[in-house]
Amino acid sequence: MQPEDEAEFAAQMMGGPGPEDFANGAAALAAALVREAGALAGAAASLRAAAAVTPGDPMGGPLSDIRRQRLAMAAAGEAALKAALLLEAAEIIAPGGHPADRIIAAARRAGATPALLVPPLRAAALSLGTDDGAARIAATTIAEALAQALA
């Protein structure tokens with residue numbers, strides 16, 4: 001191998017994740033966002049069930065105080081909204097590209113601030129279901145760029 005070939009090879013191998021790694025990272029991040037959305041949807045369903053009045057219970061159920069019911073229903077609504085936005089973000093992120101503007105628009109259409117998605121986005125980037133190091137780096141890079149744009 002000639003010295004110029006070795007330099008070119010080294011530059012290609014040490015340049016960070018490539019386009020395929022970013023595609024894999026976007027897919028892994030989207031899958032992690034779907035898992036985060038599932039957890040939030042489960043929490044929303046549990047909160048709604050806790051706030052529901054139990055038939056035949058003269059005391060009105062475990063959350064008979066209307067203030068507690070309001071808090072539980074507000075938290076359930078917030079969790080459901082985050083879950084829906086995370087599912088939409090996962091759909092936008094999966095193909096790759098620069099999705100920040102579309103995610104911001106989706107959050108605003110839902111009446112939410114885009115920064116609401118930053119914590120679950122970072123959590124998703126930390127819980128990727130892959131052992132592909134380059135894809136993990138790419139997914140973290142995508143998540144951080146999105147977090148900066150959404151904040």
Side-chain angles (χ1 to χ4, degrees), residues 1 4-54 61-63 67-151:
M1 193 177 256
E4 61 272 0
D5 294 335
E6 289 177 13
E8 183 180 332
F9 181 74
Q12 288 176 353
M13 296 308 289
M14 301 299 174
E20 184 175 335
D21 298 321
F22 274 99
N24 291 341
L29 184 59
L33 285 172
V34 169
R35 285 191 300 276
E36 290 289 320
L40 284 168
S46 295
L47 286 166
R48 286 191 193 279
V53 174
T54 306
L63 294 179
R67 292 169 295 195
R68 290 182 187 157
Q69 285 181 338
R70 284 184 183 163
L71 287 174
M73 294 306 285
E78 186 78 13
L81 175 65
K82 277 186 196 176
L85 287 172
L86 286 177
L87 287 175
E88 188 164 353
E91 188 174 311
I92 293 169
I93 290 170
H98 302 287
D101 292 337
R102 292 176 54 202
I103 294 171
I104 290 169
R108 289 191 177 142
R109 273 194 319 271
T113 61
L116 179 78
L117 298 176
V118 172
L121 179 65
R122 287 191 169 136
L126 292 172
S127 65
L128 297 176
T130 181
D131 60 353
D132 181 348
R136 291 179 75 82
I137 292 169
T140 303
T141 303
I142 293 167
E144 185 54 34
L146 281 173
Q148 294 296 321
L150 298 176

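Numbers here are sequence positions counted from 1.
- The side chain to side chain contact (heavy atoms under 4.5 Å, CB included) test applied to A100 returns L146, A149, not counting sequence neighbours.
- Taking every heavy atom of both residues into account, A115 and A151 meet most closely at CB-CA, 4.3 Å.
- For E144, the salt bridge (charged side-chain N to carboxylate O under 4.0 Å, His left out) partners are R122, not counting sequence neighbours.
- The minimum heavy-atom distance between A89 and I103, with the atom names listed, is CB-CD1, 4.0 Å.
- The shortest heavy-atom contact between L29 and A139 is CD2-O, 3.8 Å.
- In this view, A123 and E36 satisfy the side chain to side chain contact (heavy atoms under 4.5 Å, CB included) rule, not counting sequence neighbours.
- Heavy-atom minimum distance, P114 versus A107: CA-CB, 3.9 Å.
- In this structure, CG in L87 is found 9.5 Å from CG in L40, a value given to the nearest 0.5 Å.
- For the pair A125 and A143, the tightest heavy-atom approach, listed with the atom from each and the gap, is CB-CB, 3.6 Å.
- The stretch residues 21-30 participates, sequence neighbours left out, in no salt bridge (Lys or Arg N to Asp or Glu O under 4.0 Å) pair at all.
- Atom CZ of R35 sits in a crowded spot, with more than 12 heavy atoms from other residues, nucleotides or ligands closer than 6.0 Å.
- Counting only residues at least two apart or on different chains, no salt bridge (Lys or Arg N to Asp or Glu O under 4.0 Å) pair has a member in residues 128-137.
- Taking E78 as the reference, K82, L116 meet the side chain to side chain contact (heavy atoms under 4.5 Å, CB included) condition, with sequence neighbours excluded.
- Contact between P99 and I93 at its shortest, heavy atoms only, is CG-CG1, 4.0 Å.
- Screening residues 104-114 for side-chain hydrogen bond (donor to acceptor under 3.5 Å, both in side chains) gives E88-R109 as the qualifying pairs, with residues at least two apart or on separate chains.
- From L150, atom CG reaches atom CG of D101 across 10.0 Å, with rounding to the nearest 0.5 Å.
- A distance of 11.0 Å separates CG of L85 from CG of L33, quoted to the nearest 0.5 Å.
- Under the rule for a side chain to side chain contact (heavy atoms under 4.5 Å, CB included), L126 has no partner lying at least two apart in sequence or in another chain.
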